[in-house]
Structure formats: C-alpha cells, structure tokens
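Before I ask anything, let me first share the structure, which is written out below as structure tokens.
A quick note: this is a predicted structure, and the numbers were derived from the prediction, not measured.
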Amino acid sequence: MKRIAILGSTGSIGTQTLDVVRANGDIEVVGIAAGRNIDALESQIREFSPKICGVWDEEKAKELAVRVADTDTKIVSGMEGLLEIAVMEGYEILVTAVVGMIGIRPTMAAIEAGKDIALANKETLVTAGHLIIPLVKEKKVRLLPVDSEHSAIFQCLQGCRDRSEIKRLILTCSGGPFYGLSLQELATKTKADALKHPNWTMGAKITIDSATLMNKGLEIIEAMRLYRLPLRQVDAVIHRQSIVHSLVEFHDGAMLAQLGTPDMKLPIRYAMTYPNRAVSPAEPLDLLKCPPLTFAEPDEEVFRCLKIAKQCAAIGNVYCAAMNGANEEAVAAFLCDEIGICAIPDLIEAALDKTETVYQPQLSDILEADRLAREVVREKLN
C-alpha cells in the first residue's frame with residue numbers, strides 16, 4: 001500500500017490522480033488540499049476519508065469544517081495548512097499539483113521531511129530548481145515527474161548508465177490551437193479560441209500557456225533543472241499528434257522515445273507506482289490506427305513567450321522567477337478579457353526590464369522577484 005497526499009486535488013491533475021487511485025486498489029489518500037472549491041473537497045473527503053484537508057481560502061475552510069463535522073477529517077487553511085499536510089506523518093508521496101508559486105514552500109518542506117515528490121507544479125523547478133535539486137539529493141528522496149514530457153524523458157533514461165551519454169533532450173509540443181498562424185492572425189484570437197486545445201484537457205492557465213508556447217518554455221527550464229543539463233542540450237519540436245511524448249538523443253546517434261495516447265493518467269500512474277508499472281484500464285495506443293507522426297520547428301517570432309523563456313533559461317538567476325510571475329499575472333488578465341493574447345509577452349518583457357540580478361538567490365530573493373514582476377504587470381494593466 002502506497003499512501004499519498006495531494007496538493008491541488010480539485011484541479012485537472014488532482015482529479016485525474018484520484019481516478020488513478022480508484023483504479024488501483026493499493027493507493028491510499030491521507031491528505032488533500034485545494035483553493036476554494038469546497039463542494040468538490042467535501043465529495044473527496046466523503047469518498048477517500050483523508051486525515052487532513054487544506055483549503056487556501058480561510059473563510060471557505062471554516063464553511064467546509066462545518067459541512068464535514070461528522071467526519072474525522074481535520075480542516076486546515078492557508079499556507080500553514082499546506083505546510084502541515086506536506087510534513088505530516090503517515091504517507092510517502094506528495095503530489096504537488098497546485099498551480100503557481102504557492103507550490104514551492106510545501107514541496108521543499110515535504111522534501112525536508114523525507115517525502116518523495118510527484119511533481120506536476122512547473123513553477124517549483126522553474127523558479128527554485130537550484131534550491132530543490134540539491135535538497136532532493138541531500139535528503140535522498142525521489143523527484144518523480146508527472147508532466148507527460150518529463151515523465152517520457154524519465155522513462156527513456158531508465159536504461160542510461162551515464163548521463164554523459166546524452167546529446168539532447170527533445171521535448172515534444174502539440175503547438176496548441178494556434179499552430180501555423182501569423183502574428184496578425186494570432187492577434188485576433190479570443191480566450192474561447194485559446195482554451196480549445198486540440199489534444200489535451202487541462203486547467204485554464206496551462207491551456208493558455210500551451211496556446212502561447214510559454215508552457216514549452218517552462219518545460220525546457222524544468223528539464224534543465226531535472227536532468228542537470230545546459231540549455232544547448234534541451235530542445236523542443238512541434239508534434240501535432242501528441243503521441244510521442246518526448247525523446248532522448250544519445251551521442252552515438254540513437255534516439256529513444258516514449259509513445260502513448262494523450263492521457264495524463266499514464267504519467268500519473270507511473271509516478272504513483274514507480275519503480276513498478278501498474279496495469280492500466282485505459283485503451284492502449286494502437287499503432288495501426290494512429291495518424292502519421294509529424295515534427296516541425298516552433299516559430300519563436302510568432303510565439304515570443306517561448307523565445308523569452310529560453311532567454312531567461314540562459315541567464316538563470318531570478319529572471320526565471322520574474323518571468324513566471326509576470327506570465328501568471330498576464331495570463332490571468334487575458335482570462336478576464338482585459339488584454340489580447342499578444343500582450344502577454346509584452347507584459348513579461350516589461351517586468352523583465354525592471355528585474356535586477358541577485359547573486360546566489362535564496363528563496364526569499366525568488367519570492368521577491370516574483371512579487372515585483374507581478375507588481376510591474378499590474379501597474380501596466382492599470
């Protein structure tokens with residue numbers, strides 16, 4: 001029996017993780033947390049009977065506590081609640097599926113407490129990877145990627161004896177709903193257009209990031225951190241079919257790829273059951289029915305967010321944190337119909353112009369760079 005806690009249990013990854021739990025009888029959920037969707041949290045409490053449940057919104061936490069007073073589940077709130085779940089005894093794997101910077105502190109606390117991490121929160125490694133990776137090594141815990149691309153690379157590297165054999169990591173990218181458009185055509189697209197991802201069902205923020213290709217930029221930085229490789233050894237290619245989830249190229253010219261249907265339960269299940277592979281109830285990929293597999297180069301002039309992310313990856317320091325914070329604020333504005341999609345990279349660049357280098361940045365520096373970048377974006381919006 002594996003026991004897990006889930007931060008972000010009502011979101012896309014969180015609910016699919018619970019689907020995996022339902023299908024696998026040897027996983028127990030001992031802790032859950034979400035933002036403010038207490039209707040979903042109440043249902044999850046009554047189905048899975050976790051010991052503790054966190055709600056980010058304090059007032060909603062009080063309301064949920066009244067609703068589930070007939071259960072044994074303890075209700076906690078805010079960041080302190082997330083941290084309490086992260087370090088609680090009686091579980092082995094923390095699924096970090098919250099969106100945004102709030103995932104960093106609980107993830108670090110869980111690592112300090114000796115928990116393995118099933119990571120679906122990009123911001124943790126994008127902004128604080130230089131702190132997280134050494135901590136993982138020091139505490140001798142496992143960092144198990146849940147993103148389909150990083151799970152694919154992780155699986156391809158299982159037979160790699162020496163990381164010096166790697167020539168390149170190649171992340172695949174569907175291209176999102178706007179693949180092939182010119183900058184002028186992109187400027188006419190609305191929130192409704194951007195939320196129509198061709199292959200994946202995801203939360204709103206990550207779906208917009210996929211439309212701008214910022215998501216792939218974040219994943220490039222994440223791969224650099226996870227596998228300790230420089231930017232020159234991490235590439236991205238457009239693969240519209242989302243069948244090849246990523247590839248590893250070796251110095252002898254060989255390439256290994258992981259293929260599968262575009263179903264997030266596959267990497268979630270692998271992280272939950274690693275180093276074993278559990279039987280999946282889903283229909284497997286049928287090579288005889290799958291479409292021709294195509295690959296193309298991303299257009300970084302139209303999709304400038306990818307270009308900006310790679311520039312920040314090359315600089316490092318606090319620039320990745322500033323970029324991420326600015327992007328979160330800009331995407332939130334786009335989702336509220338305050339700006340057009342082409343304004344997102346403009347706002348990110350404005351925030352980066354105001355960012356100052358901090359040598360050997362610590363967590364407080366990262367959080368401050370994030371705060372200042374968001375402030376610049378809000379000032380521009382006002």
Side-chain angles (χ1 to χ4, degrees), residues 79 96 98-109 111 119 121-136 205-206 208-209 212-226 228-234 236 300-301 303-336 338-382:
M79 178 56 72
T96 308
V98 291
V99 175
M101 294 284 284
I102 63 171
I104 297 176
R105 288 181 61 197
T107 300
M108 294 183 72
I111 296 169
L119 188 65
N121 173 273
K122 291 180 175 64
E123 294 81 5
T124 296
L125 289 185
V126 167
T127 63
H130 65 291
L131 302 176
I132 298 287
I133 297 302
L135 188 61
V136 165
K205 194 268 181 181
I206 190 173
I208 301 305
D209 282 348
T212 64
L213 296 198
M214 174 56 85
N215 189 54
K216 205 51 50 180
L218 296 175
E219 288 176 357
I220 286 174
I221 299 169
E222 196 176 7
M224 291 168 60
R225 307 287 188 260
L226 270 172
R228 299 179 295 283
L229 292 172
L231 178 61
R232 67 177 181 276
Q233 287 183 263
V234 185
E300 295 183 15
E301 298 308 315
F303 298 96
R304 286 166 45 222
C305 284
L306 176 58
K307 186 176 186 178
I308 293 168
K310 290 169 74 172
Q311 290 169 342
C312 289
I315 299 169
N317 202 270
V318 294
Y319 286 89
C320 292
M323 175 200 70
N324 178 78
N327 178 65
E328 285 188 19
E329 289 294 321
V331 169
F334 175 68
L335 286 170
C336 292
E338 296 177 21
I339 59 171
I341 195 166
C342 290
I344 293 175
D346 292 337
L347 289 168
I348 296 170
E349 288 181 333
L352 290 171
D353 286 343
K354 299 288 187 179
T355 300
E356 296 184 3
T357 299
V358 179
Y359 295 100
Q360 297 182 326
Q362 299 304 303
L363 182 58
S364 58
D365 301 312
I366 292 164
L367 296 175
E368 179 64 5
D370 169 81
R371 186 191 68 79
L372 290 173
R374 292 172 189 272
E375 190 174 277
V376 171
V377 172
R378 285 193 291 267
E379 287 175 357
K380 291 287 183 181
L381 290 172
N382 290 334

Check your understanding: Step by step, would you call Ile220 with Leu306 a side chain to side chain contact (heavy atoms under 4.5 Å, CB included)?
Key -> CA-CA 9 Å; Ile220 286 174; Leu306 176 58; 4.0 Å; yes
**Study point:** Reported CG-to-CD1 distance for the pair Asn317 and Ile366, which is rounded to 0.5 angstrom
**Key:**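 Answer for the CG-CD1 pair, Asn317 versus Ile366, is 9.5 Å.
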Check your understanding: Ala369 and Ala321: which non-hydrogen atoms are nearest, and at how many Å?
Key ->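 Residues Ala369 and Ala321, closest heavy atoms: CB-CB, 4.5 Å.
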Practice item. With rounding to the nearest 0.5 Å, note down the distance linking CG in Asn215 to CD1 in Ile206. Key: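 The CD1 atom of Ile206 is 4.5 Å from CG of Asn215, to the nearest 0.5 Å.
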Check your understanding: What is the distance from atom CG of Leu218 to atom SG of Cys312, rounded to the nearest 0.5 Å?
Key ->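 If I round to the nearest 0.5 Å, the distance is 10.0 Å.
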**Study point:** Closest approach of Asp365 to Gln360 (non-hydrogen atoms, all atoms of both residues)
**Key:**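 Result for this residue pair: OD2-O, 4.3 Å.
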Practice item. Answer yes or no: is there a side-chain heavy-atom contact under 4.5 Å between Thr357 and Ile315? Key: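 No - every pair of side-chain heavy atoms lies 4.5 Å or more apart.
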Practice item. Kindly say whether Met214 contributes a backbone atom to a donor-acceptor pair with the side chain of Asp209 at under 3.5 angstrom? Key: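 Answer holds: no.
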**Study point:** Heavy-atom side-chain contact between Leu213 and Cys305 under 4.5 Å
**Key:**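 Heavy-atom side-chain distance check fails, nothing below 4.5 Å.
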Check your understanding: What pairs meet the salt bridge (Lys or Arg N to Asp or Glu O under 4.0 Å) rule with one or both residues in residues 373-382, with sequence neighbours excluded?
Key ->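 Residue pairs passing salt bridge (Lys or Arg N to Asp or Glu O under 4.0 Å), neighbours aside: Glu328-Arg374, Glu329-Arg374, Glu329-Arg378, Asp370-Arg374, Arg371-Glu375.
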**Study point:** Steps toward side chain to side chain contact (heavy atoms under 4.5 Å, CB included) verdict (Val318, Glu368)
**Key:** CA-CA 9 Å; Val318 294; Glu368 179 64 5; over 6 Å; no
Review point. Where do Gly103 and Thr96 come nearest, in terms of heavy atoms and distance?
Key: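 Scanning both residues, the minimum pair turns out to be O-CG2, 4.2 Å.
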Return a table of donor-acceptor pairs under 3.5 angstrom between the side chains of residues 127-136 and protein atoms on other chains or two or more places apart.
from   : atom 1 : to     : atom 2 : distance (Å)
Thr127 : OG1    : Glu123 : O      : 2.6
His130 : NE2    : Pro361 : O      : 2.9

Check your understanding: Of the non-hydrogen atoms in Ala309 and Ile221, which two are nearest, and what is the gap between them?
Key ->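 Residues Ala309 and Ile221, closest heavy atoms: O-CD1, 3.7 Å.
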Point to revise | Point-to-point distance, once rounded to the nearest 0.5 Å, from CG of Asn121 to CD1 of Ile102 | key: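 With rounding to 0.5 Å, CG (Asn121) is 8.0 Å from CD1 (Ile102).
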**Study point:** Atom pair CG/OH of Leu352 and Tyr319 - distance to nearest 0.5 Å
**Key:**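 Answer rounded to 0.5 Å: 8.0 Å.
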**Study point:** Rounded distance [0.5 Å steps], OG1 in Thr124 versus NZ in Lys122
**Key:**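 Those atoms lie 11.0 Å apart.
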Practice item. Could you check if a side-chain atom of Cys320 sits within less than 4.5 angstrom of a side-chain atom of Arg225, using non-hydrogen atoms only? Key: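 They are in contact (side-chain heavy atoms under 4.5 Å apart), so the answer is yes.
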Exercise for review: For residues Phe334 and Ile339, report the shortest heavy-atom separation together with the two atoms involved.
Suggested key: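 Scanning both residues completely, I find the closest heavy atoms to be CD1-O, 3.3 Å.
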List, one per line, each side-chain donor-acceptor pair under 3.5 Å for residues 343-350, sequence neighbours excluded.
from   : atom 1 : to     : atom 2 : distance (Å)
Asp346 : OD1    : Arg304 : NH1    : 3.2
Asp346 : OD1    : Arg304 : NH2    : 3.1
Glu349 : OE1    : Arg304 : NH2    : 2.8

Review point. How far apart are the C-alpha atoms of Thr212 and Ile341, what are their side-chain angles, what is the distance that settles it, and do they pass the side chain to side chain contact (heavy atoms under 4.5 Å, CB included) test?
Key: CA-CA 8 Å; Thr212 64; Ile341 195 166; 3.8 Å; yes
Check your understanding: Which of these, Lys310, Lys307, Lys216, sits in a salt bridge (Lys or Arg N to Asp or Glu O under 4.0 Å) with Glu300?
Key ->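 Going through the options one by one, the only one that passes is Lys310.
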